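Just so it is clear, the structure is predicted and the values come from calculations on it, not from any experiment.
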Amino acid sequence: MPTPVISPREADVLALLGEHLSNAEIAARLFISVRTVESHTSSLLRKLALPDRRALSRRAVELARAERPRPAPALPAPLTEFVGRERERTALALLLADHRQVTAVGPGGVGKTRLALAVAAEAAGGFADGAWFVDLAPVAGPDRVVAAVAAVLGIGEQPGQGLDEVVCAALSERRALLVLDNCEQVREVVAPFLERLLAACPEVRVLATSRARLLVPFERVFPVPPLSRDGGGTSEAVALFVERATAAAGVAPDPALRDGIAAVCERLDGMALAIELAAARWPTLGLDGLRAGLSDQLRILAGGPRADDRHRSVRAVLDWSHELLEPADRALLRRVSAFVLPFTAGAAVAVAGFAPLDAGAVADGLGRLAEQSLLTAVPSAHGTRYRALETIRQYGAERLDGAGESARVRGRHLDWCLSGADGLAGATDEERQLREGGWQAGFDALAEELRTALAWAAERPERRPDARRLALGLAGLAFDRHLLGEAQQRLEQAATLADDSPTQGSPTGATDATGALREAARVAGCRRLGDDMYRLHRAAAAAALDAGDPAGAARDLAAAATVAHRFSSTFARLPAAAEVTALLARANELSDGSPAASAALALAEAAVLADAYGSVQGSPDNTARETVGYAERAVDLARRAGDPVAESAALDALSGAHSWAGEPFAAAGAARRRVELLALVPRTPATAHEQVDALAMAAATAIGVGELDRARQWGRQLAEHPLTAEVGHHATSWLLVADAFAGQEEDVLAGGARFLRAWEQGGRPRSFSLGPAAAAVAMVHGLRGDDGTRASWLAVVGRAGTEEEHRHGYGAVFDATVLLHRGEAGAALERLSPAPEEVWKWVSWVWLHWYAAVRVEASVLSGHPEARERLAGARATVAGNPVALAQLDRAQALLDGAPARVRATAAAFAAAGCRYQSARSLRLAEAAGGEDGDGDGSGGGDGSGGEVGSGGEVGSGGEVGRTPRAAAQRVVTGRDS
């Protein structure tokens with residue numbers, strides 16, 4: 001049957017049917033008539049032999065999915081040809097097709113990685129989301145396994161989530177193949193991680209390589225055998241030798257020598273690495289030299305107590321290759337084993353360049369080792385780097401220990417790492433931008449070396465001071481690289497190293513621990529981990545007491561008490577109220593009355609005693625005027641202490657206190673002062689945390705007083721802040737709300753996609769800002785008439801926010817706005833039935849003015865008998881808010897039956913940056929009587945608002961009872977479609 005021919009216009013219509021648009025929406029999008037859309041739809045049903053419109057929509061989705069490009073496999077491209085192993089490739093591929101986790105097991109050098117890559121490359125086409133390769137060989141410790149997987153997948157940390165949870169969430173709906181290479185050194189971590197991953201991600205499969213099985217119940221083991229020697233001179237093993245020898249010599253070995261080569265391969269037990277190393281020596285030694293050298297080495301190691309026969313065979317080749325080297329090259333090979341990542345000649349000189357090696361000998365020796373396949377030269381745009389295969393690197397490390405040079409070489413490696421860390425940390429912003437490959441690339445090229453050196457130094461008492469210095473340096477670099485979890489981990493490690501150093505118990509040692517723990521708490525704040533902030537501030541206080549610093553302990557105890565209230569929504573388990581109160585009391589006992597301690601105590605009292613932050617555990621009836629006094633005192637003391645971070649935190653308390661006192665403009669002013677104060681301070685974990693929080697609060701409070709342009713400006717700064725790069729849901733939350741109120745439809749739809757993606761990857765957390773953001777997106781879809789998408793976003797609201805906040809606060813405002821748009825004024829008023837003072841806690845901050853203004857409009861349009869009284873009362877509440885006042889002016893004009901005055905409010909809304917309400921004013925004016933005079937109040941004295949209040953319908957598109965869908969689009973966006 002021939003494929004039906006679909007015209008370009010029919011294809012356009014079909015694609016929009018896949019988006020579930022109505023005929024009117026399709027007509028508006030394509031600038032054609034509704035009748036033409038109906039004609040194309042009928043034609044498509046006929047050509048595609050489909051029964052109805054729903055089937056057409058499904059077909060459109062299927063076509064779009066089929067045309068979506070699949071991601072390219074993230075697999076390394078081998079530089080040499082893969083030879084043989086046809087049986088193993090087929091068997092491993094079949095096993096992987098039938099089982100979700102397969103481990104290719106075999107000794108080092110047998111060829112596990114190359115086989116796994118070959119099978120993964122063939123299988124990648126069956127995975128819609130690609131194949132991904134993670135090399136675990138350079139991982140310095142078990143705690144870095146999940147981070148290595150996340151780095152390859154391009155997944156960042158998420159506040160309040162473990163990295164393994166983030167990886168599982170990101171892959172939960174992906175069909176992907178994950179190749180984990182060299183699992184043996186970290187299998188105790190890999191095994192439980194895979195169990196969690198495969199349980200959470202039903203469409204993910206894992207192909208692992210390891211010297212030993214991972215010992216998990218769902219694992220299927222595939223033993224990787226040596227290369228086959230069956231067939232003698234025509235075997236797979238000989239084919240590999242010939243291919244590699246040809247590459248090394250430029251000329252293939254004489255075919256007459258194949259049987260002799262087969263004998264060499266047999267004596268090497270068919271081990272791929274051994275064969276390749278032997279083939280690399282072919283140009284200089286020939287067959288006789290190979291047989292002679294190999295014979296001596298096999299005899300030395302045969303029957304030794306070190307693993308199985310295959311392992312002995314690999315070691316024999318390595319020993320043989322080692323013995324053929326000159327003494328200087330042997331020294332170089334063992335010394336460069338300190339590097340775990342590709343290294344430069346300069347780095348090799350710094351670590352390995354001591355007698356009998358000078359700088360020239362190191363550079364020359366690297367070339368010779370590369371020629372003999374003991375090192376691989378990796379060219380790049382920024383010079384040549386060298387690396388050893390993991391098996392060779394481990395062999396070199398054993399030789400290093402045997403030569404008695406390990407402490408000296410690893411000490412030089414540690415010094416090189418310290419110098420490199422200092423260079424990265426001390427670079428100016430301009431130098432970072434000019435650095436070859438970029439500063440981030442420089443860190444990535446050094447980071448695993450720093451971790452390895454730190455692990456070595458931390459176990460040696462004489463190097464503990466260097467270990468602590470490196471831990472602190474790595475923490476700062478990790479923070480700059482936005483690896484916040486590692487930054488916190490290294491700071492805690494630095495505190496441990498300070499405590500365990502020879503100065504333990506002395507003021508210096510404990511003070512070092514205090515500072516590191518305090519900084520770790522601030523990084524935890526950047527990660528939105530309230531429990532960790534609380535724990536670390538308490539640990540810092542204990543360290544300060546050990547150091548004989550009671551004032552420092554007072555500051556940290558006060559900080560812990562403040563955290564329990566200020567960031568209460570970021571806790572997994574809130575501490576008991578009595579516990580927090582006891583911390584505050586103890587802080588007061590320890591305080592020395594210094595400016596810093598007094599400021600910290602004043603802030604804690606504002607948080608704990610007066611609930612200035614409106615904490616989760618706070619009273620819903622907190623409107624106490626004295627809360628402002630507590631906060632003002634904290635601001636004054638922080639300013640006297642000269643601490644901008646403390647002053648910002650106190651201003652945050654003042655902003656909250658003004659909110660409780662019913663002073664939203666004062667709350668917004670305090671939030672604005674925070675942004676201005678922090679704009680001038682250097683970036684540290686403490687200031688970065690405050691900056692992100694300040695931008696969020698400034699945007700939110702600006703929304704609360706109708707300053708939409710400012711709210712959007714700060715919202716964009718928050719969305720673009722480096723600290724929020726990986727948390728798009730938190731980054732965009734208040735910007736979405738501001739854009740929704742402003743009528744910036746396209747921005748809301750685009751931002752909503754980023755929000756949803758990040759929220760799902762972050763494990764679908766709850767937060768006081770996430771619910772309103774999702775509700776704002778739902779409102780825009782409601783104004784567009786897309787009830788299906790609105791319903792899906794309201795489901796997100798239910799999981800991202802709290803039920804009471806949605807029911808009494810922001811949800812009432814957003815839902816009522818949609819109902820008013822649809823002409824359902826009575827339903828809108830029902831949604832807003834409680835007076836503001838009855839739902840005070842839920843509307844006092846951002847939503848009070850919006851709630852009051854929308855409630856008045858609903859009262860007027862529904863003809864409520866108290867509409868005029870409510871309007872008069874609301875004016876005092878929203879005074880100074882340009883959007884809310886314009887909405888009340890419009891309600892007054894509707895109540896007075898004055899359509900010209902209704903129309904005039906359009907300009908006020910436009911000036912306030914609220915184009916949706918501006919367009920709505922024009923529609924309401926038209927519905928209320930167009931431009932027929934100003935009205936004197938006599939026509940609407942019954943509160944009905946004329947025709948609008950008594951029966952007009954601003955719905956089904958935004959015009960009174962007769963407006964097509966395209967007009968609805970104009971009302972939502974404030975412009976013609």
- Message: Could you walk me through whether R174 and E203 satisfy the salt bridge (Lys or Arg N to Asp or Glu O under 4.0 Å) test, starting with their C-alpha distance in whole Å, then the side-chain angles of each, then the deciding distance to 0.1 Å, before giving a yes or no?
- Response: CA-CA 6 Å; R174 302 272 187 95; E203 295 299 316; over 6 Å; no
- Message: One pair to check against side chain to side chain contact (heavy atoms under 4.5 Å, CB included): L454 and L450. What are the steps and the verdict?
- Response: CA-CA 6 Å; L454 175 57; L450 302 182; over 6 Å; no
- For F222, all residues meeting ring-ring contact (aromatic ring centres under 6.0 Å, His included), sequence neighbours excluded: none
Which residues pass the side-chain contact (heavy atoms from CB on, under 4.5 Å) test with [X], not counting sequence neighbours?
{"X": "V134", "result": "L136, A148, V149, V152, L178, L180"}
{"X": "D135", "result": "F133, A137, P138, D181, N182"}
{"X": "D254", "result": "A256, L257"}
{"X": "R410", "result": "A338, A397, L400, S406, W456"}

Report yes if some heavy atom in the side chain of [X] is under 4.5 Å from a heavy atom in the side chain of [Y]; otherwise report no.
{"X": "V340", "Y": "R393", "answer": "yes"}
{"X": "L240", "Y": "L227", "answer": "yes"}
{"X": "F193", "Y": "V206", "answer": "no"}
{"X": "L366", "Y": "L332", "answer": "yes"}
{"X": "R490", "Y": "E486", "answer": "yes"}
{"X": "V409", "Y": "F354", "answer": "yes"}
{"X": "D164", "Y": "R196", "answer": "yes"}
{"X": "F218", "Y": "L198", "answer": "yes"}

Rounded to the nearest 0.5 Å, what's the gap from [atom1] on [X] to [atom2] on [Y]? Could you check?
{"X": "C265", "Y": "R229", "atom1": "SG", "atom2": "CZ", "result": "8.5 Å"}
{"X": "T246", "Y": "R244", "atom1": "OG1", "atom2": "CZ", "result": "10.5 Å"}
{"X": "I261", "Y": "S235", "atom1": "CD1", "atom2": "OG", "result": "10.0 Å"}
{"X": "I392", "Y": "L273", "atom1": "CD1", "atom2": "CG", "result": "5.5 Å"}
{"X": "R385", "Y": "R387", "atom1": "CZ", "atom2": "CZ", "result": "12.5 Å"}
{"X": "S419", "Y": "L424", "atom1": "OG", "atom2": "CG", "result": "9.5 Å"}

- Scan side-chain atoms only and decide if T90 and E88 contain a donor-acceptor pair under the 3.5 Å cut-off. no
- Message: For S228 and E236, which I'm curious about, is there any donor-acceptor pair between the side chains at under 3.5 Å?
- Response: no
Quick check: closest heavy atoms across [X] and [Y], and the distance to 0.1 Å?
{"X": "G420", "Y": "L446", "answer": "C-CD2, 3.7 Å"}
{"X": "A445", "Y": "L341", "answer": "O-CD1, 3.9 Å"}
{"X": "L470", "Y": "A453", "answer": "CD2-CB, 4.0 Å"}
{"X": "A425", "Y": "L477", "answer": "N-CD2, 3.7 Å"}
{"X": "A191", "Y": "L214", "answer": "CB-O, 3.7 Å"}
{"X": "V190", "Y": "C183", "answer": "CG1-SG, 4.2 Å"}

Backbone N/O of [Y] and side chain of [X]: donor-acceptor pair under 3.5 Å:
{"X": "R330", "Y": "E323", "value": "yes"}
{"X": "R258", "Y": "G233", "value": "yes"}
{"X": "Q489", "Y": "G485", "value": "no"}
{"X": "K112", "Y": "G106", "value": "yes"}
{"X": "Q101", "Y": "L207", "value": "no"}
{"X": "R213", "Y": "V221", "value": "no"}
{"X": "R368", "Y": "E326", "value": "no"}

- Task: Start with the C-alpha gap between R481 and D444, add the side-chain angles, then the distance that decides, and say whether salt bridge (Lys or Arg N to Asp or Glu O under 4.0 Å) holds.
- Result: CA-CA 9 Å; R481 189 63 176 87; D444 293 342; 2.8 Å; yes
- With salt bridge (Lys or Arg N to Asp or Glu O under 4.0 Å) as the test, would you mind laying out the steps for D415 and R412 before giving the verdict? CA-CA 5 Å; D415 294 338; R412 290 171 68 96; over 6 Å; no
- Message: When you measure from the centre of the six-membered ring of F127, is the NZ or CZ of R175 closer than 6.0 Å and no more than 45° off the axis?
- Response: yes
- Give the intermediate values and the outcome of salt bridge (Lys or Arg N to Asp or Glu O under 4.0 Å) for residues R89 and E86. CA-CA 5 Å; R89 289 169 75 172; E86 292 300 326; 3.7 Å; yes
- R187 with E184: basic N within carboxylate O range, under 4.0 Å: no
- Indicate, with yes or no, if the rings of W416 and F343 have centres closer together than 6.0 Å. no
- Message: For a side chain to side chain contact (heavy atoms under 4.5 Å, CB included) check, start with the C-alpha distance between T103 and T209, then their side-chain angles and the critical distance, and finish with the verdict.
- Response: CA-CA 6 Å; T103 305; T209 73; over 6 Å; no
- Check the pair L374, L325 against side chain to side chain contact (heavy atoms under 4.5 Å, CB included), reporting the backbone distance first and the verdict last. CA-CA 11 Å; L374 292 169; L325 297 175; 3.9 Å; yes
- Task: Name all pairs fulfilling the side-chain hydrogen bond (donor to acceptor under 3.5 Å, both in side chains) condition that reach into residues 334-354, sequence neighbours left out, sorted by first residue then second.
- Result: R334-E405, R335-E405
- Step by step, would you call W282 with F241 a side chain to side chain contact (heavy atoms under 4.5 Å, CB included)? CA-CA 9 Å; W282 171 267; F241 185 102; 3.9 Å; yes
